[in-house]
Each structure stands twice: as C-alpha cells, then as structure tokens.
Amino acid sequence: MTIINKQIVLASRPEGTPREENFRLVKTPLRKIREGEFLVRNLYVSLDAGFRNWMNEGSGDNVLPAMELDAPVMGLTLGRVTESRHPDFRPGDLLMVRRAWEEYSICDAGEWSSRLPEDPPFPLSYYLGILGDTGLSAYFGLTDIGKPQPGETVLVSAAGGAVGSVAGQIANLKGARTVGIAGSDEKCRRLEIELGYDQGINRRGAGGLDGAIAEACPQGIDVYFDNVGGSTLQAALAHLAPGARIVLCGAITSYGATEPQPGPSNLFELITKEARMEGFMCHFRHDRYDEARGQLGEWLQSGQLKAVEYMLDGIENTARAFCEMFEGRNFGKTVVRVFPDG
Ligand SMILES: NC(=O)c1ccc[n+]([C@@H]2O[C@H](COP(=O)([O-])OP(=O)(O)OC[C@H]3O[C@@H](n4cnc5c(N)ncnc54)[C@H](OP(=O)(O)O)[C@@H]3O)[C@@H](O)[C@H]2O)c1
C-alpha cells in the first residue's frame, strides 16, 4: 500500500516575522526507497528559530543552503528507520536527521544524522531539546565561553526559550545570580518560578530595557548569553562588569530583516571593560555531544535540571508552532509530535 506523506513546504519567503500563510501542507505518495537509501518515520519535529535565517533569498552560507520555494521546509527531526537499503542503517534505529517538516523522510548516508541510544533513558523529544541542539548550545556557550563563576551575574535573552531555559538553569547550577529577559510579565514570573531565575525582566516593560537591566544587575553583567542581538545586545553592552564575557548564540532580531541591521554602536564598552565577545556553532562541536549529553543527562537525572517543552500535535501544526515561537508564545523547547502514538 502506498503511503501518503504529509509535508510542509515553503509557499513564500517570510518578510520579517514568519506567518502561517508562508507555509503550505502538501500530500504526496511516498516513492520506494532505492539502493543506498533508508526511510525514516518522523516522530518529532524540532522547531528552531535559527532556521528562519535560511528562508531568506540567497541566505545560503557555510552551514546550510537557502531553502527553496515549494520544497519541504528544512528542519531537524527525530524518527525511527522503518525500511533500509543501506548497510549502516537498520529498521528500528532511532535517528536525528536534518531533513524536513514531513511525516516520512527518505534519507541517504549523505544526510546529516545522529544516532540515539537503542533504549534512550529520557523521553524521545528531549533529544531535540534539552539533550539536542538547543540544550547543547546552552551547555557549550556557557562551558566554553561564558564560564560563570559563583556569585557572578548572568543575563540571558529569550530566557524562557529552548536555549535560554537551559542556559539559565546551568548558570544557576554554577552558583551565579541569573537574570532573564522575556516578552511579558507572565513569562517573567514563569522564569522565576519554573526555571529558578533570580529575576525576570520584561523586554516590553514600560520603563525600557536599559533601565530594567541597570536595576536588575547593579554590579554589572559578568556573562551575557545572547540569543537575540539587536537593541538587546546594545543594552546589555552598556552594563558590563569588568572582564565580562558575551556569548553570541543567536541573533533572532536579524533573521527576518530585509535590510542590513545597524550594529551595536557601543562596542567601545568591550575595550574599557576588557570584555570579550565570542560566537559559536553547536554543530561544529559534534565530537563533544557525548560529553555534553552526559553532563546534561546527569543533571536531569538528579533533578537539578528541568526540561520544559512547548508541544503541539500533528504535522499540520508545524508552521503554527514555528510562527508562535517568533511571537514568543512558547515556553521552553518548541516541538511537534508527528503521530499520536509518538
Ligand atoms: N549557535 C548555535 O549553534 C545555536 C543553536 C541553536 C539555537 N541558536 C540560537 O538560539 C536562539 C534561540 O533559539 P531557540 O530555537 O531556542 O528559540 P526560542 O528561544 O525557543 O524562541 C525564540 C524566543 O525569542 C524571543 N523573541 C522572538 N522575537 C524576538 C525579538 N524580536 N526580540 C527579542 N526576543 C525575541 C521570544 O521570547 P520572548 O518573547 O519571551 O522574549 C521567543 O520565545 C536563536 O537565536 C537561535 O538561532 C543557536
């Protein structure tokens, strides 16, 4: 019996914030796999803010090509191999693959994939979130660049998001004082109650971000974990403590920009505070995934770390889940459970 594959394609290039009408559901009969290929039934789709960048015309770079119109939207999924004509992949294998927002993916060995343990000790969706790209980014950004020390002040932007929710908790574990930026008072409360941030700051608050940061970080910021760039980065730079470290993890404010965005005008702060600012790509640390997953897994098991997820059901809801992330409606990792038996 032919399987009908549901896929979400890029119907038009988003201008600024992505909208659901930029995406379209298509149903296509799944062709038979060929020699060297294997079929993955996707169980979860990961929604990652960074992929917004490659929806722009001509956005291809050293990491990924620009997405094509009317082609399935590129993304990370977690699924099980159901058929294989490749010697290295067997039915039953659990894989994370970089393919697309679709129920079934036909893959070959050229596709980026990462194998999960046969009997994973944590819920599968965790491997796309806290034990996946976003959790690992929080770990690498803080372990390699931020290096928070006990008593230091750590500021995190998009603090309730997939990366930010883990970054704040790790900084807490290291004994730092944590301040998180989020988009509403309600989310700030959740930062403090559910994630253990010492203080939440509403980036839309009436008094402005600059004053709120000054008030929340009276000794200055020792580590700024930046997920958004733009005016938030500029505001954080104005309140650095001497020797501060700025972790450049993401720049969500610029992914949808149609024109080049102005850079921070206060980089001189880096000089006078003898601060350093460094970017990183999680994927380029592939050889250290076991180390990172091992540590995050230990903290999860001991209850020192909590996984927070924003989960929607059904491939039809993937575009909605992605757009809601840019509206800040998510709390924790945004993920879609593809099949009800996920
Ligand atoms: N370097 C790497 O290897 C790597 C790997 C993974 C992810 N990242 C980056 O990490 C960042 C977070 O990604 P994620 O997937 O975890 O998303 P996320 O934080 O779960 O969701 C995005 C959050 O950003 C905030 N936001 C949206 N638009 C904003 C704006 N214009 N200004 C300020 N904040 C805005 C919203 O929260 P509020 O409304 O509450 O502020 C929203 O919840 C992204 O920049 C992503 O590219 C980097």
Side-chain angles (χ1 to χ4, degrees), residues 14 16-18 45-55 59 61-64 75-76 98 128-146 155-168 179-192 194-195 197 200-205 209 212 225-236 246-257 261 278-286 288-289 292 307-312 321-336:
T17 306
V45 175
S46 168
L47 284 314
D48 297 276
F51 277 82
R52 164 66 188 87
N53 183 55
W54 293 289
M55 290 175 184
S59 55
D61 57 19
N62 63 324
V63 179
L64 286 174
L76 286 171
R98 186 163 56 220
L128 290 177
I130 199 157
L131 299 172
D133 205 43
T134 48
L136 268 50
S137 294
Y139 173 87
F140 289 131
L142 285 179
T143 308
D144 298 354
I145 303 170
L155 178 71
V156 181
S157 53
V163 176
S165 61
V166 183
V179 179
I181 302 173
S184 68
D185 287 341
E186 166 62 14
K187 255 178 128 170
C188 287
R189 258 194 307 279
R190 294 188 70 181
L191 292 183
E192 294 167 11
E194 295 177 39
L195 297 174
Y197 275 91
I201 294 179
N202 181 355
R203 66 182 166 92
R204 297 189 174 103
L209 193 55
F225 194 103
D226 185 21
N227 285 310
V228 306
S231 57
T232 311
L233 173 59
Q234 168 116 3
I246 295 129
V247 184
L248 295 184
C249 176
I252 205 164
T253 53
S254 66
Y255 298 153
Q261 296 297 289
E278 188 176 335
F280 73 99
M281 278 302 293
C282 182
H283 279 196
F284 298 161
R285 286 162 167 76
H286 204 253
R288 289 175 53 211
Y289 277 17
V308 188
E309 296 182 317
Y310 182 71
M311 193 178 290
L312 279 78
F322 188 67
C323 295
E324 288 189 349
M325 198 165 55
F326 287 84
E327 293 158 18
R329 292 174 71 168
N330 64 314
F331 194 74
K333 172 69 194 175
T334 306
V335 69
V336 164

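The basis for the numbers below is simple: all heavy atoms, side chains too, and nothing from hydrogens, waters or symmetry mates. All values reported here derive from a predicted model rather than from experimental measurement. When a ligand or atom number is given, it counts from 1 through the structure's own listing order.
- Annotation: L248 places no N or O atom under 3.5 Å from an N or O atom of ligand 1; distance criterion only.
- Looking at atom 23 (C) of ligand 1, its nearest protein heavy atom turns out to be A158 CB, 3.9 Å.
- If you look at F326 next to ligand 1, the close heavy atoms, those under 4.0 Å, all belong to the backbone.
- Looking from atom 37 (O) of ligand 1 to the surrounding protein, the closest heavy atom is K187 NZ, 3.4 Å.
- Near V228, the atoms of ligand 1 lying under 4.0 angstrom from a non-hydrogen atom of the residue are 33 (C), 34 (N).
- Of the protein's non-hydrogen atoms, the one nearest atom 13 (O) of ligand 1 is A49 CB, 3.7 Å.
- Applying the 4.0 Å criterion to heavy atoms of G250 picks out, from ligand 1, the atoms 9 (C), 45 (O).
- Counting heavy atoms under 4.0 Å from ligand 1, residue R203 touches it through the side chain alone.
- If you take SG on C188 and CD1 on I181, they are separated by 9.0 Å, rounding to the nearest 0.5 Å.
- The aromatic rings of H286 and Y289 sit tilted, their planes meeting at an angle between 30° and 60°.
- Residue contact check: G161 has heavy atoms under 4.0 Å from atoms 18 (P), 19 (O), 20 (O) of ligand 1.
- Within the 4.0 Å heavy-atom criterion, both parts of M325, backbone and side chain, lie near ligand 1.
- An N or O contact shorter than 3.5 Å is missing between R204 and ligand 1 by distance.
- Taking the centre and axis of the six-membered ring of F331, the NZ or CZ atom of R190 falls inside the cone set by 45° and 6.0 Å.
- Counting the atoms of ligand 1 from 1 in the order shown, those under 4.0 Å from a heavy atom of Y255 are 44 (C), 45 (O), 46 (C), 47 (O).
- Heavy-atom separations between D133 and ligand 1 include at least one value shorter than 4.0 Å.
- Of all the atoms in ligand 1, the ones that sit under 4.0 Å from a non-hydrogen atom of G50 are 46 (C), 47 (O).
- The residue from G229, C249, S165 that puts a heavy atom closest to atom 8 (N) of ligand 1 is C249.
- A distance of 5.5 Å separates OG1 of T334 from CE of M325, quoted to the nearest 0.5 Å.
- For G183, a nitrogen or oxygen atom sits less than 3.5 Å from a nitrogen or oxygen atom of ligand 1, counting backbone and side chain alike.
- The distance criterion of under 3.5 Å between nitrogen or oxygen atoms is not met by T253 with respect to ligand 1.
- In terms of polar-atom proximity, defined here as any N/O pair under 3.5 Å, G328 makes no such contact with ligand 1.
- Residues L233 and V228 have side chains not in contact (no heavy-atom distance under 4.5 Å, counting atoms from C-beta outward).
- An N or O contact shorter than 3.5 Å links C282 to ligand 1 by distance.
- Here the side chain of R52 pairs a donor or acceptor atom with the backbone of G16 at under 3.5 angstrom.
- We find the CG-SG distance between D226 and C249 to be 8.5 Å, quoted to the nearest 0.5 Å.
- K333 places a side-chain N or O within donor-acceptor distance of the main-chain N or O of L47, the cut-off being under 3.5 Å.
- A donor-acceptor distance shorter than 3.5 angstrom exists from the side chain of K187 to the backbone of G328, with no hydrogens or angles considered.
- By the 4.5 Å heavy-atom criterion applied to side chains, L76 and D48 are counted as neighbours.
- Heavy-atom proximity to atom 24 (O) of ligand 1, evaluated over D226, V166, I252, N227, is greatest for I252.
- A distance of 12.0 Å separates OG of S46 from CZ of R98, quoted to the nearest 0.5 Å.
- Using a 4.0 Å cut-off between heavy atoms, A251 contacts ligand 1 through its backbone alone, with no side-chain atom that close.
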Would you mind writing out the side-chain donor-acceptor pairs for residues 136-146 within the sub-3.5 Å range, not counting sequence neighbours?
{"unit_1": "S137", "atom_1": "OG", "unit_2": "D133", "atom_2": "O", "d": "2.6"}
{"unit_1": "Y139", "atom_1": "OH", "unit_2": "E291", "atom_2": "OE2", "d": "2.7"}
{"unit_1": "T143", "atom_1": "OG1", "unit_2": "Y139", "atom_2": "O", "d": "2.6"}
{"unit_1": "D144", "atom_1": "OD1", "unit_2": "R288", "atom_2": "NH2", "d": "3.1"}
{"unit_1": "D144", "atom_1": "OD2", "unit_2": "R285", "atom_2": "NE", "d": "2.9"}
{"unit_1": "D144", "atom_1": "OD2", "unit_2": "R288", "atom_2": "NH1", "d": "2.8"}

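- Taking the ring centroids of F326 and F322, they lie under the 6.0 Å cut-off.
- Near A182, meaning under 4.0 Å from one of its heavy atoms, ligand 1 places the atoms 40 (O), 41 (O).
- Using a 4.5 Å heavy-atom threshold, the side chains of V63 and M281 count as touching.
- The structure places OG1 of T232 at 10.5 Å from CD1 of I252, a figure rounded to the nearest 0.5 Å.
- Among protein heavy atoms, atom 7 (C) of ligand 1 sits closest to V163 CG2, 3.8 Å.
- At least one N/O-N/O distance between N330 and ligand 1 falls below 3.5 Å.
- Polar contact with ligand 1: present for A162 (N/O pair, distance under 3.5 Å).
- Ligand 1 places these atoms under 4.0 Å from at least one heavy atom of S137: 2 (C), 3 (O), 4 (C), 5 (C), 6 (C).
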